[in-house]
Amino acid sequence: MEEEKLDNFRFYVPTDIRFGKDRLATELTDVLNVYGKNVLLVYGGGSIKKNGLYDQVIDLFEKNQNTVVELSGVEPNPRVETVRQGIELCRENQVDVILAVGGGSTIDCAKVVAAGFYSDKDVWDLVLEKGYGGKALPLVTVLTLAATGSEMNAGAVISNLTTNQKLGMGGPSMIPKVSFLDPQNTFTVPKNQTAAGSADILSHLFENYFRQTTGTDVQDFVSEGLMRTVIKNCPIAIETPNDYDARANLMWASSLALNGLTGSGKGGTWSCHAMEHELSAFYDITHGVGLAILTPRWMNYVLSDQTVDKFAQFAKDVWGITEEDKMKAAKQGIQATYDFFKSCGIPMTLPEVGINEDKFVEMATQAVAHSTIKTDAYVPLAESDVEAIYRECLTESIFV
């Protein structure tokens with residue numbers, strides 16, 4: 001495998017993180033007042049109404065004499081129609097600042113609303129352009145699910161079910177200005193979502209870890225520590241949902257996994273995300289679940305004499321595997337990854353989430369067309385490779 005040395009990079013993460021217990025009551029309105037009184041409140045399916053967070057925020061708005069308009073019902077894979085609705089609400093109500101209360105989907109939707117507000121183009125055209133260099137409305141977030149890291153980065157992923165596309169975009173102006181990270185707000189996250197969110201965090205770390213670029217000890221060793229953090233704390237959070245330390249560690253790992261810390265200076269494109277986006281685009285499944293299903297199969301598929309050293313390092317430093325034979329160790333590390341996801345209650349085959357082979361060829365074609373995995377991935381993947389990996393996900397797997 002061709003080796004590339006550490007690339008030049010810019011690490012720009014200006015988000016003001018307010019981490020810890022009960023900070024909204026004393027800090028939220030002061031933060032919002034920096035930008036104005038007219039607020040768009042963005043949230044998802046209503047869980048924040050069940051856990052009391054909605055009432056708390058509305059009460060703060062009333063005391064602060066904010067004018068509030070709501071964009072509710074943001075989907076788990078946020079849809080372009082919802083983004084368009086949010087843009088119109090901002091324009092009609094002269095919104096000054098957006099407050100997103102929720103997980104990555106809610107924050108992603110809010111980011112693209114913030115950018116679309118200033119554009120004359122249809123927002124899907126902005127998504128198709130991928131890179132955004134224009135202005136955006138200021139965004140403040142209150143995180144309720146540790147998963148995507150959207151609370152501390154510039155990216156967003158939006159779905160268009162009409163065209164069966166799920167695509168990412170981003171730009172510096174879309175980075176949240178302030179993000180409130182209170183682990184208590186994740187206590188009520190169900191077990192399946194806790195597991196899927198943890199799989200998403202791990203996938204971000206895996207995708208940054210397995211790159212062709214060499215000389216990246218800082219990025220790789222930080223990644224390994226964050227991986228071990230998720231592996232340790234996810235089962236605790238599943239078993240004891242209100243364990244503050246477990247939730248806190250998952251929440252902070254989520255932010256650090258995708259704020260550029262572990263990926264800056266490492267060239268190339270991600271493989272599993274490109275493949276999973278097609279699963280979500282065609283079948284609207286949970287993103288983290290799709291990643292958990294795909295990742296061990298992708299690892300096994302790209303394992304070779306050229307990649308074995310990195311996989312053996314992964315097995316030793318992340319999973320504590322002591323096998324001296326590198327290939328055996330690498331396979332044991334892949335098996336450990338699969339077994340961990342399964343132990344967290346994640347379905348580990350595509351049929352378990354309602355997906356058969358009917359659209360494999362079409363999805364594989366789109367995965368390659370919508371990314372650069374054919375040329376720039378850790379191990380380049382053609383359409384036939386992607387289809388083969390999908391097929392490996394039809395049945396239970398044993399890698400050792």
Side-chain angles (χ1 to χ4, degrees), residues 6-7 9 11 13 15 17 19-20 104 143 145-153 179 181 183 186 194-240 243-268 270 272-273 288 291-292 295-296 298-299 307-323 326 329-330 332-341 343-344 378:
L6 176 64
D7 296 334
F9 65 90
F11 183 66
V13 190
T15 305
I17 296 292
F19 195 104
L143 187 64
L145 174 65
T148 71
S150 192
E151 66 278 1
M152 201 178 180
N153 64 44
S179 286
L181 275 58
T186 65
T194 299
S198 297
D200 199 5
I201 300 169
L202 284 172
S203 185
H204 296 155
L205 295 165
F206 295 157
E207 301 266 36
N208 282 331
Y209 187 75
F210 292 102
R211 301 279 193 100
Q212 293 187 17
T213 312
T214 59
T216 57
D217 288 351
V218 170
Q219 293 90 328
D220 290 352
F221 295 168
V222 169
S223 290
E224 291 169 356
L226 291 171
M227 291 177 204
R228 293 196 301 271
T229 296
V230 177
I231 291 164
K232 172 186 175 181
N233 288 285
C234 175
I236 298 171
I238 289 173
E239 182 67 25
T240 311
D243 186 302
Y244 183 87
D245 288 340
R247 293 293 192 181
N249 277 284
L250 289 176
M251 180 172 270
W252 193 219
S254 166
S255 301
L256 296 181
L258 199 57
N259 72 347
L261 181 63
T262 67
S264 293
K266 305 186 74 172
W270 289 4
C272 291
H273 272 71
L291 289 169
T295 297
W298 168 81
M299 289 179 168
T307 62
V308 68
D309 285 350
K310 192 60 175 282
F311 278 104
Q313 177 187 336
F314 168 71
K316 178 178 181 291
D317 293 346
V318 175
W319 295 108
I321 290 168
T322 57
E323 169 63 53
K326 287 183 179 180
Q332 289 175 16
I334 295 169
Q335 184 68 54
T337 305
Y338 179 94
D339 291 343
F340 173 76
F341 287 143
S343 72
C344 293
Y378 180 56

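No hydrogens, no waters, no symmetry mates; every other heavy atom, side chains included, goes into these values.
Partners of Phe19 under the ring-ring contact (aromatic ring centres under 6.0 Å, His included) rule, at least two apart in sequence or in another chain, are Trp252. With sequence neighbours excluded, the residues that form a side chain to side chain donor-acceptor pair (under 3.5 Å) with Thr337 are Trp319. Shown here are the salt bridge (charged side-chain N to carboxylate O under 4.0 Å, His left out) partners of Asp245, two or more places apart in sequence or in another chain: there are none. With sequence neighbours excluded, the residues satisfying side chain to side chain contact (heavy atoms under 4.5 Å, CB included) with Asp317 are Glu224, Gln313. Taking the side chain to side chain donor-acceptor pair (under 3.5 Å) definition, one finds that Trp298 meets it with nothing, sequence neighbours left out. Residues forming a side chain to side chain donor-acceptor pair (under 3.5 Å) with Lys326 (at least two apart in sequence, or on another chain): Asp309. Considering only residues two or more places apart in sequence or on other chains, Asn259 meets the side chain to side chain donor-acceptor pair (under 3.5 Å) condition with none of them. By the ring-ring contact (aromatic ring centres under 6.0 Å, His included) test, Phe206 pairs with Phe314, sequence neighbours left out. When the ring-ring contact (aromatic ring centres under 6.0 Å, His included) test is applied to Phe341, no partner is found at least two apart in sequence or on another chain. Partners of Ser343 by side chain to side chain contact (heavy atoms under 4.5 Å, CB included), not counting sequence neighbours, listed by chain and number: Phe340. Ser264 pairs by the side chain to side chain contact (heavy atoms under 4.5 Å, CB included) definition with Phe9, Phe11, not counting sequence neighbours. Residues satisfying the side chain to side chain contact (heavy atoms under 4.5 Å, CB included) criterion with Ala237, sequence neighbours excluded, are Thr194, Ala246, Arg247, Leu250.
For the atom pair CD1 of Ile231 and CD1 of Ile201, the computed distance is 11.5 Å after rounding to the nearest 0.5 Å. For the atom pair CG (Leu291) and CG (Leu202), the distance works out to 10.5 Å, reported to the nearest 0.5 Å. Note that CG of Asn233 is 13.0 Å distant from CE of Met251, once rounded to the nearest 0.5 Å. Atoms CD1 and OG, from Ile238 and Ser198 in turn, are 6.5 Å apart once rounded to the nearest 0.5 Å. Note that CZ of Arg211 is 9.5 Å distant from OG1 of Thr216, once rounded to the nearest 0.5 Å. With rounding to the nearest 0.5 Å, the separation of CZ in Phe311 from CD1 in Ile321 is 12.5 Å.
Looking at Ser254, its side chain does come within 3.5 Å of a backbone N or O of Ala147 through a donor-acceptor pair. No donor-acceptor distance shorter than 3.5 angstrom exists from the side chain of Glu323 to the backbone of Gln332, with no hydrogens or angles considered. No donor-acceptor pair closer than 3.5 Å links the side chain of Gln212 to the backbone N or O of Gly268.
Looking at heavy atoms from C-beta onward, Val13 lies out of side-chain contact with Asn153 at the 4.5 angstrom threshold. Residues Tyr378 and Thr307 meet the side-chain proximity criterion, which asks for heavy atoms closer than 4.5 Å. Counting heavy atoms from C-beta outward, Thr295 and Glu207 have side chains that stay 4.5 Å or more apart. You'll find the side chain of Phe210 reaches within 4.5 Å of the side chain of Met299, heavy atoms only. Counting only heavy atoms from C-beta outward, the side chains of Ser203 and His273 approach each other to under 4.5 Å.
Considering every non-hydrogen atom in both Pro296 and Ile334, the closest pair reads O-CG2, 3.5 Å. The two atoms that bring Gly333 and Ala315 nearest to each other are CA-CB, 3.8 Å, heavy atoms only. Smallest separation of non-hydrogen atoms from Ala253 and Thr229: CB-CG2, 4.5 Å.
When each of Val318, Val222, Thr262 is paired with Met227, the side-chain contact (heavy atoms from CB on, under 4.5 Å) condition holds for Val318 and for no other.
Counting non-hydrogen atoms of other residues, nucleotides and ligands closer than 6.0 Å to NZ of Lys310 gives a total above 12.
Between the side chains of Ser255 and Glu151, at least one donor-acceptor pair of N or O atoms lies under 3.5 Å. Asn208 and His204 share no donor-acceptor pair across their side chains, judged by distance under 3.5 Å alone.
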request  = Evaluate the side chain to side chain contact (heavy atoms under 4.5 Å, CB included) criterion for residues Met152 and Ile17: first the C-alpha distance (whole Å), next the side-chain angles of each, then the deciding distance (0.1 Å), finally the verdict.
outcome  = CA-CA 8 Å; Met152 201 178 180; Ile17 296 292; 4.0 Å; yes

